Asker: 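Shown below is the structure under consideration.
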Amino acid sequence: MTIQLTFPDGSVHEHEEGATGLDVAASIGARLAKAAVAVKLDGDLLDLSRPLPRSGAFEVVTESTEDGRHIIRHSAAHIMAQAVLDLFDGATFAIGPAITDGFYYDFNIGRPFDADDLERIEQRMAEIVRADQSFSREEHSIPDALGMFADQPYKTEIIESVDASEVGGGDAVTVYRNENFVDLCRGPHLPSTGRLKAMKLLRSAGAYWRGDENRDQLQRIYGTAWESKKALDEYVERLAEAERRDHRRLGNELDLFSFPPELGSGLAVWHPKGGLLRTIIEDYSRRTHLSHDYEIVATPHVAKAHLWETSGHLDFYAEGMFPGMILDEQTEYRMKPMNCPFHILIYKSRGRSYRELPLRLFELGTVYRYERSGVVHGLLRARGFTQDDSHIFAMESQIGNELQNLLDFTLMVLRDFGFEDFEADLSTKPDKYVGEDESWEKAESALRQALETAGLPYEIAAGEGAFYGPKIDVHVRDAIGRRWQLSTLQVDFGQPANFDLLYASGDNTRERPVMIHRALMGSIERFVGILVEHYAGAFPPWLSPVQVALVPVADRHIEYARKVADSLAEAGLRVEVDEADDTVGEKIRRAITFKTPAVLVVGDQDVENGTVGLRLRGDEHERRGIEVDTTIQELAALAAPPR
RNA sequence: GCCGGAGUAGCUCAGGGGUAGAGCAGCUCACUCGUAAUGAGCAGGUCCGGGGUUCGAAUCCCCGCUCCGGCUCCA
């Protein structure tokens, strides 16, 4: 008997029944066989050593592919668990998957791991790798498996709850064994531990069993593993680059903002340069909203608790809100966690006509949310922040067109800030929801249509919508490939009903509008944090708080430098003259350290000729003797905002 | 909120039961300089806060605050 295997190039090859993945790979080429970590048959990953069970589409998985790395990391997790069980008597182990760029495994050793432990574990892992133990796959009945893992409560729980999902299917489970170590696992794995060429343990941290904070807290060890030392080194360098870009570090170095402990966790103060940066961003936001038919409103930071009862926030969001304040010994007030009820009240301030719709109310609205103490993270997760928030009130018939324009507007804004790669999630109707099925269907298809028209790649997050309506979340990729969620566009069928919103139709009947909640940058704080990391602090000139640093060569050039600075400022450029008693080299170094887009040096020759020495950020060398007017034109063009 | 780590000068960090340290930044003086750190001097501390142990605490213990890494959370 033979089987037919279709290779990725479409060719069909016949092999003896019982041939393994490795046999087939070797028949293609020795180098391929050497690089192979597993094979794929009709999309299913199989160990190299397994006889191919049937004909089908065949593919060799090599180590430098995402599938290949996944297998390497999964095997690394096993080897780590083996090392931990070797080293710690009575250790129990839970789950250990491959994750993006690495792997982890959760253990219980009765205490946390410390740095020395990680080193010992890494050394033990190296020994296991050197021993080049084979991974072998076995199938066992559930009773057998329960016997094998009798002293492992987490494994026992996994086996007992097995329902085809976690470790194989039916009434059997698969395990992988190398020497004395056995773990439940669906596989596949590397042929042997010796194939793990590059790995590193990164950190340990607490993690709840089954992700449930009411259950055991385990100790998780994170590690990373790659197909080569070189790939590992590159990854470690990527981590170092991310650390260099950390907005908390750069925010301090560039003197943008700080988090004084006196204020409390998650509350930032903006220093002059950061304040200027914010203002530039906020001005852009107001300007573009005004030119896109939004109307700017302003609302207070607190309101009676009753408002949040009407909106439903106190029912479903109370944990995220700052606690109440009792005024006049009877009325409770709350800091606002969202702006929507205020905008709704503006809508309700008088009767509305269909002629006014869509009504787009926009506010840079500052909100306060009680984020749990462990989750606060610089500007990216703060307790007080300002949203570029808008609520659009529209007739249901207008929703499609409105969403289309809104998505275009969103992408325009994100592109203006230098983001190019977008991905979206479309979250659809959950089990519990308000509104009519028909309305949901219309809104969902309008959202999908908007995504299609915009040509945005998206995934459907089925059932992930809020109970009040479906939504689109837009993610961007930053300069080093990280994904950030920025914009959110949410349709809301609930709040118009909670607040009994109405408008007069053309037939003079009373109709209920639909709301769209949307934030493009999300929060100004978070957006600045992401921009800092995206640009590593070297903002495009239009965003740079200081666009031009003017460096007088000696004291006698200060007067001329000020004159040049005035001319630049008149052209709308943000200039600082560095009058410090330092050498030219030092002043230039300072300007470069602060990532100033343009450095102008003026000395005797410039005073005489009405010129400057011009050095743009990133240029190797300066250009000397440039006329001031020419410089102004060049810099003004360079620093022009996108709109 | 939970687990672990940390908090010493503005910043980065060393030290560690017996007089509190360095580099950078700051200030003063000299230098007046043409594209990534001129030199000298000076000043700077509630060693996160509170309590405890001790003859003596920055150091050891307890509580709190803040930060860091995760978990959980993020309608």
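A, B, ... follow the sequence lines: proteins, then strands. Residue 1 opens every chain. In this text, all values refer to a predicted model and were calculated from it rather than measured experimentally.
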Asker: Reckon A:Arg203 has a side-chain N or O less than 4.0 Å from the OP1 or OP2 of B:rG4?
Answerer: no
Asker: Rounded to the Å, how far apart are A:Arg369 CZ and B:rC74 P?
Answerer: 12 Å
Asker: Flag the pair A:Trp308 / A:Phe342 as yes when their ring centroid distance falls below 6.0 Å, and as no otherwise.
Answerer: yes
Asker: Please determine whether any donor N or O and acceptor N or O are separated by less than 3.5 Å between the side chain of A:Tyr208 and the base of B:rG1.
Answerer: yes
Asker: Is the A:Trp226 ring parallel, tilted or perpendicular to the A:Tyr235 ring (thresholds 30°, 60°)?
Answerer: tilted
Asker: Checking all strands, does A:Gly374 fall into the base, sugar-phosphate, or nothing category for heavy-atom contacts under 4.0 angstrom?
Answerer: base
Asker: Do the non-hydrogen side-chain atoms of A:Val602 and A:Val551 ever get within less than 4.5 Å of each other?
Answerer: no
Asker: Check the phosphate of B:rG34 against A:His557, side-chain N and O only, distance under 4.0 Å to OP1 or OP2. Yes or no?
Answerer: no
Asker: Given atom NZ of A:Lys432 and atom P of B:rA75, what is their separation to the nearest angstrom?
Answerer: 14 Å
Asker: Sort out the partner of B:rA58 for me: Watson-Crick or G-U wobble, both distances under 3.5 Å, none otherwise.
Answerer: none
Asker: Check every atom of B:rG69, B:rA36, B:rG34 against the side chain of A:His377 and return the nucleotide holding the closest atom.
Answerer: B:rG69
Asker: Closer to the 5' end of RNA chain B via nearest nucleotide, is it A:Glu620 or A:Arg248?
Answerer: A:Glu620
Asker: So, OP1 or OP2 of B:rG34: does either fall under 4.0 Å of a side-chain N or O from A:Arg623?
Answerer: no
Asker: Between A:Phe385 and A:Tyr368 (judged by ring centroids, cut-off 6.0 Å), do the two rings come close enough to count as a pair?
Answerer: no
Asker: Run the salt-bridge test on A:Asp619 and A:Arg615 with the 4.0 Å N-O cut-off and return the result as yes or no.
Answerer: no
Asker: Could you please name the partner base of B:rG69, counting Watson-Crick and G-U wobble pairs only when both distances are under 3.5 Å?
Answerer: B:rC3
Asker: Considering only B:rG70, B:rA75, B:rC3, which nucleotide approaches the side chain of A:Tyr222 most closely?
Answerer: B:rG70
Asker: Would you classify A:Gln605 as touching base, sugar-phosphate or nothing, given that sugar-phosphate means primed atoms plus P, OP1 and OP2, and contacts are heavy atoms under 4.0 Å?
Answerer: base
Asker: Mind calculating the distance between CG (A:Leu380) and P (B:rC67) to the nearest angstrom?
Answerer: 14 Å
Asker: Any side-chain N or O of A:Ser204 below 4.0 angstrom from OP1/OP2 of B:rG4?
Answerer: no
Asker: Go through the steps to decide whether A:Glu634 and A:Arg623 satisfy the test side-chain contact (heavy atoms from CB on, under 4.5 Å), and finish with yes or no.
Answerer: CA-CA 13 Å; A:Glu634 179 170 345; A:Arg623 288 136 60 196; 2.8 Å; yes
Asker: When the ring centroid of A:Phe107 is compared with that of A:Tyr105, is the distance short of 6.0 Å?
Answerer: yes
Asker: Give A:Tyr468 one of three labels, base, sugar-phosphate or nothing, depending on what nucleic acid heavy atoms sit under 4.0 Å from its own.
Answerer: base
Asker: If you take the centroid of each ring, where Trp contributes its six-membered ring, are A:Phe419 and A:His534 closer together than 6.0 Å?
Answerer: yes
Asker: Please measure how far the C1' atom in B:rC48 lies from the corresponding atom in B:rU8, and state the result in whole Å.
Answerer: 10 Å
Asker: Quote, to the nearest angstrom, the C1' distance that separates B:rA20 from B:rA58.
Answerer: 8 Å
Asker: Provide the distance between the two C1' atoms, one in B:rC27 and one in B:rA9, to the nearest whole Å.
Answerer: 14 Å
Asker: When both hydrogen-bonding distances must be under 3.5 Å and the geometry is Watson-Crick or G-U wobble, what is B:rG45 paired with, if anything?
Answerer: none
Asker: Could you check which of B:rA36, B:rU32, B:rC11 has an atom nearest any side-chain atom of A:Asn252?
Answerer: B:rC11
Asker: Could I get a table of every N or O pair under 3.5 Å where one atom is in the protein and the other is in nucleotides 22-29 of chain B?
Answerer:
none

Asker: Rounded to whole angstrom units, what separation is found between the NZ atom of A:Lys471 and the C1' atom of B:rC74?
Answerer: 10 Å
Asker: Report yes if at least one side-chain N or O of A:Ser265 is closer than 4.0 Å to OP1 or OP2 of B:rU66; otherwise report no.
Answerer: no
Asker: Send over the distance from A:Gln485 CD to B:rA75 C1', rounded to a whole Å.
Answerer: 13 Å
Asker: Give the rounded distance in Å between these two atoms: CD1 of A:Ile221 and P of B:rC71.
Answerer: 15 Å
Asker: Would you call the rings of A:Phe493 and A:Trp440 parallel, tilted or perpendicular if under 30° counts as parallel and over 60° as perpendicular?
Answerer: tilted
Asker: Expressed in angstrom and rounded to an integer, what is the separation of A:Asp117 atom CG from B:rG5 atom P?
Answerer: 12 Å
Asker: Looking at A:Arg372, does any N or O in its side chain come under 4.0 Å of the phosphate oxygens OP1/OP2 on B:rC2?
Answerer: no
Asker: So if I take every side-chain heavy atom of A:Ile588 and compare against B:rG34, B:rU32, B:rA36, which nucleotide ends up nearest?
Answerer: B:rA36
Asker: Taking the minimum atom-to-atom distance to the side chain of A:Val375, which one of B:rC11, B:rG4, B:rG1 wins?
Answerer: B:rG1
Asker: Which nucleotide wins on minimum distance to the side chain of A:Pro261, given the candidates B:rA75, B:rU66, B:rC3?
Answerer: B:rU66
Asker: Please check the phosphate of B:rG69 (OP1 and OP2 only) for any side-chain N or O of A:Arg220 closer than 4.0 Å.
Answerer: no
Asker: Using the C1' atom as the reference point in each nucleotide, state the distance between B:rC63 and B:rU53 in Å, no decimals.
Answerer: 15 Å
Asker: Report yes or no: is there a donor-acceptor pair, N or O only, under 3.5 Å between the side chain of A:Arg381 and the base of B:rC73?
Answerer: yes
Asker: Is there a Watson-Crick or G-U wobble partner for B:rG34 with both distances under 3.5 Å, and if so, which one is it?
Answerer: none
Asker: Whole-Å distance between B:rC74 C1' and A:Glu213 CD?
Answerer: 13 Å
Asker: Report yes or no: is there a donor-acceptor pair, N or O only, under 3.5 Å between the side chain of A:Asp114 and the base of B:rG4?
Answerer: no
Asker: Can you tell me the pairing partner of B:rG23 across any strand shown, Watson-Crick or G-U wobble, with both distances under 3.5 angstrom?
Answerer: B:rC11
Asker: Classify the nucleic acid contact of A:Gly211 as base, sugar-phosphate or nothing, counting any heavy atom under 4.0 Å across all strands shown.
Answerer: sugar-phosphate
Asker: Ring centres of A:Tyr433 and A:Tyr468 under 6.0 Å apart?
Answerer: no
